Number of protein chains: 2
Amino acid sequence: MTNTAGTVRGKRRQTSWTQDPEGVRRNILEVARAEFVENGLSGARVDDIAAKTATSKRMIYYYFGDKEGLYRAVLEGMYDRIRSFERSLDLDALPPEEAMTRLTEATFDYHIENPDFVRMVMVENVHHARHLKASRTITRLNSSVVEVTRGIYERGVAAGLFRAGLEPLDISLTISALSIYNVSHRATVGQVFDYDMCAPDALARRRSMTVAAILGILRR
Amino acid sequence: MTNTAGTVRGKRRQTSWTQDPEGVRRNILEVARAEFVENGLSGARVDDIAAKTATSKRMIYYYFGDKEGLYRAVLEGMYDRIRSFERSLDLDALPPEEAMTRLTEATFDYHIENPDFVRMVMVENVHHARHLKASRTITRLNSSVVEVTRGIYERGVAAGLFRAGLEPLDISLTISALSIYNVSHRATVGQVFDYDMCAPDALARRRSMTVAAILGILRR
DNA sequence: GACCAATTGAACCAGTCAGTACATTTATCA
DNA sequence: TGATAAATGTACTGACTGGTTCAATTGGTC
């Protein structure tokens with residue numbers, strides 16, 4: 001009998017147990033995510049992950065093959081989440097400037113609220129996106145956020161509000177850069193400038209500055 | 001007799017050698033930088049670093065104590081370099097808008113030309129800036145680029161060109177965010193969007209968009 | 001040229017780590 | 001109910017890895 005999804009069985013020295021493949025899988029993934037996010041790929045220890053799991057190391061290898069397979073699974077989960085966030089954006093009803101503002105703010109907020117995603121992407125960049133390449137789930141399942149941006153931008157251009165000739169992808173990347181930075185470089189900036197970018201007041205300033213930057217790029 | 005600085009003695013099975021402490025140190029640092037930048041702190045192998053060196057593993061421990069000490073030395077070297085870049089900026093003679101444009105472009109270019117620095121900072125952020133904290137050389141030897149930014153900004157406000165009420169540090173961080181991103185996220189963006197941000201034409205677009213973003217923030 | 005501190009090399013070590021062998025239990029279904 | 005497949009736990013291993021030992025060589029100084 002399969003337990004409720006997500007249920008985690010008691011630990012230590014059990015000779016009797018209930019099968020719960022999905023729960024075990026999920027449990028491993030959750031723990032692994034925390035560890036990879038905290039220590040990177042080579043910094044994370046399979047034994048540590050296993051220890052924090054409700055199951056054993058054996059299960060990690062049973063379900064994910066090897067350490068990199070586990071890492072890849074975590075990475076894919078992260079990208080799945082942001083994809084569904086992007087799909088949830090529905091800004092067609094708003095006038096161009098307001099739509100772009102909302103898009104920027106929503107993206108900004110998503111990154112603040114999902115530091116694990118940001119850190120995982122950082123780690124993946126340290127590895128030259130090698131694992132992203134290896135994952136056919138992610139590759140070419142192209143991000144829809146660019147199309148959202150393109151739609152808003154073209155409406156703005158048509159309305160004479162935005163200047164023409166820009167590449168929607170570049171706009172999208174600029175939003176991304178300004179959103180990610182607060183989380184990805186929080187530690188070094190905090191140390192070098194004695195400034196916590198994620199403190200509420202700093203965040204408010206940075207958020208409105210980000211919107212100003214994007215609109216500044218677009219306004220003609 | 002000390003050899004010319006930077007000289008590297010021949011390798012393999014030598015029982016006779018010339019002392020060259022500075023050269024050995026520098027050689028180790030160069031190799032270590034490449035390895036840390038490529039593999040991160042935990043990903044880099046002391047044995048690999050030693051093998052690529054003109055000297056032996058023993059010397060790494062002799063001069064740098066342990067792996068983290070070596071990493072810290074590399075990190076400090078990187079920050080020294082950008083500090084001297086920042087000090088080299090002399091934009092007081094230019095009118096505010098032009099000065100800010102030049103500052104932005106120079107910062108943008110610096111990051112493109114020094115991907116090692118960018119990657120090292122990324123790695124350090126993965127480690128929550130733990131080693132930056134441990135280094136008294138870097139900490140509180142506050143970055144002068146903020147003062148440069150403040151100077152230009154205040155001139156611009158005084159001249160009625162820039163809108164008042166902004167925090168110079170936030171402006172500086174925004175420039176930094178837009179400059180770093182191209183290098184730090186080159187791999188994942190390349191993979192997900194099939195777009196090389198560092199290709200010459202893309203770079204030109206991103207550079208001018210960055211300037212537009214900064215001026216967009218400032219213009220009243 | 002003899003002495004001493006600064007350097008350097010080669011081999012070695014003890015702990016760690018990813019991955020495995022093997023046995024066992026649980027679920028499925030005819 | 002019995003056979004088969006899926007899922008799981010325990011204990012282990014071989015390779016790797018950061019770090020060390022110990023002896024030797026070099027260069028400066030008097």
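Protein chains get the first letters and strands the later ones, always in sequence-line order, with residue 1 at the start of each. Both backbone and side-chain heavy atoms feed into the values below; hydrogens, waters and symmetry mates do not. This structure is a prediction, so every number in the text was calculated from the model and none was measured.
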Strictly below 4.0 Å, N to O, side chains only: are [X] and [Y] in salt-bridge contact?
| X | Y | value |
| --- | --- | --- |
| B/E68 | B/R130 | yes |
| A/R102 | A/E105 | no |
| B/R33 | B/E30 | no |

Please confirm whether the shortest side-chain N or O distance from A/S56 to OP1 or OP2 of D/dT10 is below 4.0 Å. no
Over its full length, what angle do the end axes of the helix from C/dG1-D/dC30 to C/dA30-D/dT1 make, each axis taken from five pairs and the result rounded to 10 degrees? 10°
Output one line per pair: protein atom, nucleotide atom from nucleotides 18-22 of chain C, and distance, for all N/O pairs under 3.5 Å.
from, atom 1, to, atom 2, distance (Å)
C/dA18, OP1, A/A44, O, 3.3
C/dA18, OP1, A/R45, NH1, 3.4
C/dA18, OP1, A/K67, NZ, 3.0
C/dA18, OP2, A/V46, N, 2.9
C/dA18, N7, A/K57, NZ, 3.3
C/dG19, OP2, A/Y61, OH, 3.4
C/dG19, OP2, A/K67, N, 3.0
C/dG19, N7, A/K57, NZ, 2.9
C/dG19, O6, A/K57, NZ, 2.5

Have B/E76 and B/S135 got a donor and an acceptor in their side chains that come within less than 3.5 Å? yes
Looking only at side chains, do A/Y181 and B/S176 share a donor and an acceptor under 3.5 Å apart? yes
So, do B/E86 and B/V146 sit near enough that their side-chain heavy atoms are less than 4.5 Å apart? no
[X] has an atom [atom1]; how far is it from atom [atom2] of [N], in whole Å?
| X | N | atom1 | atom2 | answer |
| --- | --- | --- | --- | --- |
| B/L70 | D/dG19 | CG | P | 10 Å |
| B/N27 | C/dT8 | CG | P | 11 Å |
| B/F64 | D/dG19 | CZ | C1' | 16 Å |
| B/M59 | D/dG18 | CE | C1' | 16 Å |
| A/Y62 | D/dA5 | OH | P | 12 Å |
| A/R25 | D/dA7 | CZ | P | 10 Å |
| A/E22 | C/dT26 | CD | C1' | 17 Å |

Taking only residues two or more places apart in sequence, or in another chain, which ones meet A/D47 in a side chain to side chain contact (heavy atoms under 4.5 Å, CB included)? A/K57
Name the one of B/T107, B/N182, B/V118 that satisfies side-chain contact (heavy atoms from CB on, under 4.5 Å) with B/I112? B/N182
Measure centre to centre between the rings of B/Y71 and B/F64, then say whether the value is under 6.0 Å. no
